[in-house]
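Reviewing the structure listed below.
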Amino acid sequence: MNSSTFNTDRHGWAELLSPRQATQPFQGNHRAPWAVIGAGFTGLAAARRLAEIWPDQEIYLLDAREVGQGASGRNSGFAVAISHFGSGLSKEEIRDYRRVNRINQAGLALLRDRVQSDALACQWREQGFYHAAADEKARKECAHFQRYLDALEIEHSPLDASDLAARLGTETYQMGIHVAQGALVQPAALVRALAETLPANVHLFENSPVERLDHGAPHRLVTSKGVLEADKVLLATNFEAPKLGFLNGRISATTLSGSFTRVLTDEERKSLGSVSDWGVLSLHGGGATVRLTVDGRISLRNVAEYHGGHLLSDEQLKERQTTHRASFERRFPQLAHVPFEFAWSGVEGISRNGTNFFGEVASNLYLAGGYNGSGVSRGTAFGHALADFASGTESDLASDCLASKPASWIPPRPLLDIGAYFTIRQRFKGVGLDR
């Protein structure tokens, strides 16, 4: 394995930020009590928590890319508190729904505390989200979602088409629900800020892919420029865990793509209803995720595909923008003249049955991942809990994470490619105007 195995580009939410100087790559031979692989939301939370528990011990944090260029800087910036499970309320699953939502809310609280205590500049807006429906399938799901929220006594507000149009400035959606909990954020800005405010005993190395992980006492992390020996290792690489020999046949990856408009003028923003900035999650599993950001851009993501866990090329992104554009102009005909300024793709780690991964996978080697699109808050919670678990510190959060269901088996390629094709095709079935 080499650095080309961890493909990247300069797109994503980081493209909207000022350039930053990456830390030096890892090099030489070193020995440490702790190593964390992956500096996204999970790895950063894990490293920070380890530093709190073990203030006199050194923690080495390695990432294959620059901070903000992995999946943590390429999602749509929804720090979810309440998960949407889909397909109606199952009374047998209510206990599990509550468990997952406790994890989400723990991650949200950890991020909120960090944003407030360190005054992190990341466009944090804790005002909940809109879950909206345009076509028949999504409208049916809206009723299911309403029953779920009622049963779990979650604060929410049902909305009709006129309510949504008045708030969002689009007549596309026929009904929806505003869920009060949850935060919107500039994800690359947040993950960068978290990296820049790590405790002094955490040593971050970017552009430092771990090419081989040799198990032992200690474990050996081999990079192109050195070797790190560590007593305990926390793996926070999500869908890329199989590259180091873990979760083979248990985790896969979906590549999603979207576009950002230029910054809207004041007049253009006035055409978008009464809410100054907002986020919409579709109630159809294949529907568009749409945001009006604090700085006045519209972000729209509505293409998901199996692409072998890789990002899209610039040429492929240009092709996908045809779909982005059609969706944008259908929702906002009054803004049809507004061009897209940026496009991006990102990869999410998914399990076949929607579960997450957490625990000790080998002696003194611990892993968390597989957030199925909720990695901002849930990944943060899993990282924090994994540090507790690896340290022998009991916590209710770690217990909740440990209770994740076993993952269903995913067949290898080429069966994986065929299965993924039909799974994604099914995901978009009946999406209609929600896309």
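Note on ring orientation: taking the six-membered ring where Trp is involved, the planes of Y148 and F145 are parallel (angle under 30°, cut-offs 30° and 60°). Between H30 and F205, the angle of the ring planes lies from 30° to 60°, which puts this pair in the tilted group.
Minimum interatomic distance between L221 and A35 (heavy atoms only, all atoms of both residues): CD2-CB, 3.8 Å. In terms of heavy-atom proximity, N207 sits nearest to A22 at ND2-CB, 4.1 Å. Across every non-hydrogen atom of N75 and S72, the tightest pair is ND2-O, 3.0 Å. Of all heavy-atom pairs spanning L17 and Q186, the tightest one is CD2-NE2, 3.4 Å. Closest approach of D63 and R65 over heavy atoms only: OD1-N, 2.8 Å. Closest of all the heavy-atom pairs between A381 and I103 is CB-O, 3.3 Å.
Between Y366 and K232, some side-chain heavy-atom pair lies under the 4.5 Å cut-off. In this structure, L111 and V376 have side chains that are in contact, with non-hydrogen atoms separated by less than 4.5 Å. Here the side chains of F85 and E93 are not in contact, with every heavy-atom distance at 4.5 Å or above. For the pair I298/L272, a side-chain contact is recorded, criterion being any heavy-atom separation below 4.5 Å from C-beta on. Using a 4.5 Å heavy-atom cutoff, the side chains of F41 and L190 are in contact. Residues P209 and T5 are not in side-chain contact: their nearest non-hydrogen atoms beyond the backbone lie 4.5 Å or more apart. Proximity of N201 to L50: side-chain heavy atoms (C-beta onward) are nowhere separated by under 4.5 Å. The shortest side-chain heavy-atom distance between H203 and I59 does not fall under the 4.5 Å cut-off.
No hydrogens or angles considered: a donor-acceptor pair under 3.5 Å links the side chains of T293 and D295. No hydrogens or angles considered: nothing links the side chains of H215 and N364 as a donor-acceptor pair under 3.5 Å. A donor-acceptor pair shorter than 3.5 Å can be found between the side chains of H84 and E141. Looking only at atom types and distance, the side chain of S83 has a donor-acceptor partner in the side chain of N104 under 3.5 Å away. Side-chain contact check for H156 and D150: at least one donor-acceptor pair (N or O, by modelled atom type) lies under 3.5 Å. For the 3.5 Å distance criterion, the side chains of E305 and T255 fail to qualify, holding no donor opposite an acceptor. In summary, the side chains of S391 and W54 do present a donor paired with an acceptor at a separation below 3.5 Å, with no hydrogens or angles considered. There is a side-chain donor-acceptor pair under 3.5 Å between Q57 and W34. Remark: the E92 side chain and the S90 side chain contain an N/O donor-acceptor pair separated by less than 3.5 Å. With 3.5 Å as the limit, one finds a donor-acceptor pair spanning the side chains of Y371 and T42.
Salt bridge E315/R320: absent, no basic N to carboxylate O contact under 4.0 Å. Ion pairing between a basic and an acidic side chain is recognised when a charged N comes within 4.0 Å of a carboxylate O; D9 and R74 show such pairing. Between E52 and R49 a salt bridge is recorded (basic side-chain N to carboxylate O distance below 4.0 Å). Ion pairing between E66 and R10 holds under the 4.0 Å rule for side-chain N and carboxylate O. Salt-bridge check for R102 with D396: failed, with every basic side-chain N at 4.0 Å or more from each acidic carboxylate O. A salt bridge is defined here as a Lys NZ or Arg NE, NH1 or NH2 lying under 4.0 Å from an Asp or Glu carboxylate O, and R212 with D214 meets this definition. A salt bridge is absent between K225 and E211; no separation between the charged side-chain nitrogens and carboxylate oxygens falls under 4.0 Å.
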Residues T197, L120; criterion side chain to side chain contact (heavy atoms under 4.5 Å, CB included); working and verdict: CA-CA 9 Å; T197 54; L120 304 184; 4.0 Å; yes
Evaluate the side chain to side chain contact (heavy atoms under 4.5 Å, CB included) criterion for residues V280 and F129: first the C-alpha distance (whole Å), next the side-chain angles of each, then the deciding distance (0.1 Å), finally the verdict. CA-CA 6 Å; V280 175; F129 317 134; over 6 Å; no
For F246 and L213, run side chain to side chain contact (heavy atoms under 4.5 Å, CB included): C-alpha distance rounded to whole Å, both residues' side-chain angles, the deciding distance at 0.1 Å, then the answer. CA-CA 11 Å; F246 298 95; L213 176 55; 4.0 Å; yes
Could you walk me through whether L61 and L198 pass the side chain to side chain contact (heavy atoms under 4.5 Å, CB included) test, one step at a time? CA-CA 10 Å; L61 175 59; L198 286 167; 3.9 Å; yes
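Summarising the geometry, atom OG belonging to S404 is positioned 4.5 Å from atom CG belonging to N356; distances are rounded to the nearest 0.5 Å. Between the CG atom in L300 and the CG atom in L292 there is a gap of 12.0 Å [rounded to 0.5 Å]. Rounded to the nearest 0.5 Å, atoms CD1 (I177) and CG (L159) are 8.0 Å apart. Here L194 contributes atom CG and R48 contributes atom CZ; the two are 6.5 Å apart, rounded to the nearest 0.5 Å. Atom CG of residue N353 and atom CD1 of residue I350 lie 11.0 Å apart, to the nearest 0.5 angstrom. Interatomic distance, F357 CZ to C401 SG, rounded to the nearest 0.5 Å: 13.5 Å.
Between W13 and F260, the distance separating the two ring centers is shorter than 6.0 angstrom. Taking the six-membered ring where the residue is Trp, the centroids of Y173 and H284 are separated by 6.0 Å or more.
Remark: E360 CD is packed, more than 12 non-hydrogen atoms of other residues, nucleotides or ligands lying under 6.0 Å away. Other residues, nucleotides and ligands place more than 12 heavy atoms under 6.0 Å from the CZ atom of R99. The 12-atom threshold is exceeded at CG of N248, counting heavy atoms of other residues, nucleotides or ligands nearer than 6.0 Å.
Here the rule is side-chain hydrogen bond (donor to acceptor under 3.5 Å, both in side chains) with D277, and of R125, R297, Q123, R291 only R125 fits it.
A cation-pi arrangement, defined by a distance under 6.0 Å to the six-membered ring centre and an angle within 45 degrees of its axis, is present between R325 and F340.
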